[in-house]
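Worksheet: one structure, shown below.
Just so it is clear: chains get the letters A, B, ... in the order the sequence lines come, proteins before strands, and each one is counted from 1.
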2 protein chains.
Amino acid sequence: MFAYTAKVEKHQGCNYRQTIALMDKPATLSNIADKLKITTATVSRALSDHPKISASTKQSVLKVASQLNYKRNLVASSLRSGKTFTIGVIIPSADTNFFGSVVHGIEKCANEKGYNVLLYQSNETHDHEIKGIETFLAAQVDGILVSVAKDTIDYNYYKALIKKKKVPVVFFDRASDNAGVSSVVIDDYKGACIATEHLIKNGYKHIAHVSGPLQVKVFFDRKRGYEDALKQHNHLLNKDFIYEGNVSIESGKKAMQQFLSLKQKPDAVFAAEDFTALGIMKELKLRNIKIPEEFGVFGFANELFSEHITPALSTIDQQTITMGKESFELLLQIMENKNGTSIEKKIVLNPVPIFRQSSQRKQ
Amino acid sequence: MFAYTAKVEKHQGCNYRQTIALMDKPATLSNIADKLKITTATVSRALSDHPKISASTKQSVLKVASQLNYKRNLVASSLRSGKTFTIGVIIPSADTNFFGSVVHGIEKCANEKGYNVLLYQSNETHDHEIKGIETFLAAQVDGILVSVAKDTIDYNYYKALIKKKKVPVVFFDRASDNAGVSSVVIDDYKGACIATEHLIKNGYKHIAHVSGPLQVKVFFDRKRGYEDALKQHNHLLNKDFIYEGNVSIESGKKAMQQFLSLKQKPDAVFAAEDFTALGIMKELKLRNIKIPEEFGVFGFANELFSEHITPALSTIDQQTITMGKESFELLLQIMENKNGTSIEKKIVLNPVPIFRQSSQRKQ
DNA sequence: GTGAAAGCGCTAACAT
DNA sequence: ATGTTAGCGCTTTCAC
């Protein structure tokens, strides 16, 4: 008997339900609906500021919602609406300044627009990259931003993805022109031209280049920029003056060792990337070759350290924060493009040269 | 009539349905179930390798699943099971090497265990931090990792969170001892002792300290370590030798200017952090004071640049990758702790001193 | 070893 | 302006 009475209370007592809601499970739409004797539909609409809901209803819903500390369950909402308000970001590694900084930009922008950001690192392999995308797909992200891995040479996976319109994708920094994927990049070619020209104007006569892996477009373009700048200024192209490195201090050192073993030695280097430039500088210091008097060095990326080493390294800033922002906004544009017109856009950011000591010869 | 026939086909024709599945929407459990004339329950169990499902059923399910390119819908799964296999990570900023590197560690470990990682930046304010957590809560994350903002001095929010057992939380690096939250930190006190002692052993007699904001525990502890090391070696504590900086090159410079204006000038500095140390070195170079001969410098954090500046900066490595790994694993342990026993753990990592040129006087 | 049925919390088409 | 109803895709308790 007593037990029965208790049970009845459980199902009738308004206070009881309320207590439950407060101390136990998170509040739901129906908790609010019950309290106000309206339906969940109305509550849902009120909370989304639906135009056809009366101001007074909205007010009372809002009031009860905050009383119960209601928070919309995004998972349930996503399941029903098909939108998760989450994007996935794939980077080669979170361990570098450059990508950290771009993610910083993406994140900031995404949060402002009410999007969550899932992060995944490919560790520079295409296999991991695909795994990351599959994970994102399972999580039903609304869009994906990716900077492709070093060893991504085949873009069929992306082509298929785009073709099936499974999810919008935008490449940033590391992109490909013929994958049919929108992208945000900086003008690597132009950056390289500027760097090389600067070395020429500073009176260096034999300018070498240490590239990154050439299957990666950014590095390929930087090499092209270097070559074209030389041509335009009537400098001879010398095959011995090009070394394919792998984005590391070590490869800068190796390259320099090789250059210095040549009969005709270079007197300056444009490195495709700052770590390589650093290796080059270390090797030069070791041999007491003076920078920039005897030898000029120019890097690319404006890594944090470049400003603080001695001599300070001339380099190209890649506008990381802007790149992050633009990437997210382009993705957003494609995600919101409901009319089905598939847009493919390419945003090219301007490289910003930063001329420091390492390349400025006192003539 | 014709139309009718067509409509019938739509609802009966197996091929039609299959075609739909292949070219249109992602496959679902019921697509698989239909093909095999079994129920979604069985398919679900088969895919989760439930022990009571026969091997043959499992096999055929797996086969059809891969044929249809089935991918479990994580959102639906989460809604039903209450587990999202997603954790949230809050960092002050993605823009620094240190946090990038810790995130790297977290990410790697989380992915291996099948967890997704949501990232959120607080930009060093407690308000954003809370907003991030609320966002994560709405997304139903299974756990949260946070490195608190500079201006987080009040831990009531966290205390309430833990008390309500809404979601497991673990602090990393920036933590507090009395918030009732588990944490993974390095032994900042010990690191500071080691650094200071090293300077003493290298014959520096008047060792100053530039701290970070002292309401942040890591900086407070580093200051304590500095003070205690001096005491233990019978060095006098001099209030003029302590400058409260704000983790920047600028504050290193400012501190140094102030120190050098003193009657009794220091001959070495232990900086609470590498950027500060860098500022100190810049100021010293400007005044042609030789490092380490005339002045010793010791940093903290092992930022990337510290190895590459001249002279190379002695510093304390914070084991970022390990910190990330341990943080995730501790969180996982708490998340899996179903028996309700609330565990509060504190993992203290060993600081790893890296003695470079800047502190090693040739005596 | 498998099926039936309910329901997680929310939204949206349709009705009134 | 609000209610009714259905269901997103999955998991899980209870049957058998």
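A side-chain N or O of B:K71 and one of B:N69 form a donor-acceptor pair less than 3.5 Å apart. With no hydrogens or angles considered, a side-chain donor-acceptor pair links B:Y158 and B:E129 at under 3.5 Å. Judged purely by distance below 3.5 Å, without hydrogens or angles, the side chains of A:T125 and A:S122 never pair a donor atom with an acceptor atom. Side chains of B:H126 and B:T152: a donor-acceptor N/O pair is present below 3.5 angstrom, by distance only.
If you measure from atom CD1 of A:I32 to atom C1' of D:dG3, you get 17 Å, rounded to the nearest angstrom. If you take CZ of A:F85 and P of C:dT11, they are 10 Å apart, rounded to a whole angstrom. Whole-Å rounding puts the A:L47 CG to D:dT2 C1' distance at 15 Å. In this structure, B:H50 atom NE2 and D:dT11 atom C1' are separated by 11 Å, rounded to whole Å. Counting to the nearest Å, the C1' atom of D:dC8 and the CG atom of B:N31 are 13 Å from each other. For B:R80 and D:dG9, the CZ to C1' distance is 11 Å, given to the nearest whole Å.
The existence of a salt bridge linking B:E124 and B:R174 is confirmed by a sub-4.0 Å separation between a basic side-chain nitrogen and an acidic carboxylate oxygen.
Distance from the side chain of B:S81 is smallest for D:dT11 among the nucleotides D:dT11, D:dA1, D:dG3. Picking from D:dG9, C:dG3, D:dG3 the nucleotide with the shortest atom distance to the side chain of B:T42 gives C:dG3. Comparing D:dT11, D:dT2, C:dC10 against the side chain of B:L29 picks out D:dT11 as the nearest.
Of the side-chain N and O atoms in B:T39, one or more sit less than 4.0 angstrom from OP1 or OP2 of C:dG3. Between C:dT11 and A:S77, a contact under 4.0 Å exists linking OP1 or OP2 to a side-chain N or O. Close to C:dT11, at under 4.0 Å from its OP1 or OP2, lies a side-chain N or O of A:S44. Applying the 4.0 Å criterion to OP1 and OP2 of D:dT2, one finds that A:T57 has a side-chain N or O inside that range. Between C:dT11 and A:R72, a contact under 4.0 Å exists linking OP1 or OP2 to a side-chain N or O.
At a threshold of 4.0 angstrom between heavy atoms, the contacts of B:T28 are confined to the sugar-phosphate backbone, with no base atom among them.
In terms of position on DNA chain C, the residue among B:K58 and B:L79 whose nearest nucleotide sits closer to the 5' end is B:K58. Of the two residues contacting DNA chain D, namely A:A41 and A:K52, the nearest-nucleotide position lying further toward the 5' end is that of A:K52.
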